Amino acid sequence: VNKVSETYGRLKDLSADFQQIQKDSSNQTAHQWGHVYMKSGKKALFEYTKPRVLSECSDGKKYTKSSPFQATRTSISKTDGERLALPQIVGSQESRWKDQFREKAELGDAPLTPGDRVVRLIPKNKDVLDVTVEVEPRNFMIHRLVFKYVDGQSNEFRFKNITTSPVDPARFKCDVPPGVELIEE
């Protein structure tokens with residue numbers, strides 16, 4: 001956990017393909033795919049491509065979620081979400097990501113990627129039951145994050161094709177396309 005926090009804290013940029021798997025409390029599952037871009041300063045862009053086109057963008061101050069017809073914009077301080085868990089540690093040398101957890105335990109669960117290590121974290125946040133992190137032990141890149149909530153829901157992110165090449169800062173402007181209704185919260 002310390003090495004993951006240190007590794008992501010030294011990064012300036014990161015991008016990856018992702019799959020998101022959400023389960024509700026009745027065990028209904030929804031899958032989404034896309035690409036994520038992250039930059040130091042809490043900047044992130046999740047571009048969803050399947051099954052529908054959406055985007056979620058953080059410019060470091062505001063968080064904007066857009067669909068083809070409507071967008072919502074919120075202050076980053078009011079945004080609570082696991083999508084911002086990684087952007088908050090990318091490029092943040094003073095990252096205390098590891099301090100957000102009460103307990104850490106390595107699991108015997110088989111990783112999705114052979115050779116990876118799987119760790120279960122118990123967060124201080126009472127709404128989140130636990131967080132499972134699957135990490136590549138050679139470079140400490142996160143391949144999978146699973147958030148389990150006290151209400152029985154879960155949200156899983158699987159990352160592939162991870163790169164740390166520079167990401168154009170213009171990606172994080174979080175502009176809303178013309179004709180899309182913007183709701184400021």
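Please read all numbers here as calculations on a predicted model, not as lab measurements.
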For S58 and K42, indicate whether the former's side chain and the latter's backbone hold a donor-acceptor pair under 3.5 Å.
-> yes
E156: which of Q19, R144, K148 passes side chain to side chain contact (heavy atoms under 4.5 Å, CB included) = R144
V53 versus P68, closest heavy-atom pair with distance = O-CD, 3.5 Å
Within-4.5 Å side-chain heavy-atom neighbours: P137 and D116 | yes
Which heavy atom of P123 sits nearest a heavy atom of L129, and at what distance?
-> CD-O, 3.8 Å
Applying ring pair (Phe, Tyr, Trp, His ring centres under 6.0 Å), name anything that partners Y37, two or more places apart in sequence or on another chain.
-> H35
Greater than 12 external heavy atoms within 6.0 Å of K124's NZ | yes
For the atom pair NZ (K160) and NE2 (H143), what is the distance rounded to the nearest 0.5 Å?
-> 10.0 Å
Would Y149 and V128 satisfy side-chain contact (heavy atoms from CB on, under 4.5 Å), going step by step from the backbone distance to the final call?
-> CA-CA 4 Å; Y149 301 95; V128 181; 3.8 Å; yes
Quick one: SG on C57 to CG on D175, what's the gap to the nearest 0.5 Å?
-> 8.5 Å
Which other residues end up in the same hydrophobic cluster as V146, if Ile, Leu, Val, Met, Phe, Trp and Tyr are linked when side-chain heavy atoms come under 4.5 Å apart?
-> none
Between the CD atom in E56 and the OG atom in S67, the distance rounded to the nearest 0.5 Å is 11.0 Å
Residue pair V167, K43: steps toward the side-chain contact (heavy atoms from CB on, under 4.5 Å) verdict = CA-CA 10 Å; V167 177; K43 296 178 178 129; over 6 Å; no
Side chains of W33 and Q20: closer than 4.5 Å at any heavy-atom pair?
-> no
Between the CD1 atom in I183 and the CD atom in E185, the distance rounded to the nearest 0.5 Å is 7.0 Å
E181 side, atom CD; T72 side, atom OG1 - distance, nearest 0.5 Å | 10.5 Å
Compare all side-chain heavy atoms of H31 with those of I21 and state whether any distance is below 4.5 angstrom.
-> yes
Which value, rounded to the nearest 0.5 Å, describes the distance between R73 atom CZ and T64 atom OG1?
-> 3.5 Å
Would you sort out whether L45 and F172 count as a side-chain contact (heavy atoms from CB on, under 4.5 Å), showing the intermediate values?
-> CA-CA 7 Å; L45 174 61; F172 308 102; 4.2 Å; yes
List the steps and the verdict of side-chain contact (heavy atoms from CB on, under 4.5 Å) for Q32 and Q22.
-> CA-CA 9 Å; Q32 299 179 87; Q22 295 173 299; 3.3 Å; yes
Donor-acceptor pair, side chain of D168 and main chain of R171, under 3.5 angstrom | no
Closest approach of K62 to D59 (non-hydrogen atoms, all atoms of both residues) | N-OD1, 2.7 Å
Nearest non-hydrogen partners of D151 and S25, listed with the distance | O-CB, 3.3 Å
Cluster overlap L14 with F140, hydrophobic side-chain contacts below 4.5 Å | yes
Which one of L112, V119, L145, I142 satisfies the side chain to side chain contact (heavy atoms under 4.5 Å, CB included) criterion with E134?
-> L112
Geometric class of the F18/Y48 ring pair [parallel <30°, tilted 30-60°, perpendicular >60°] | perpendicular
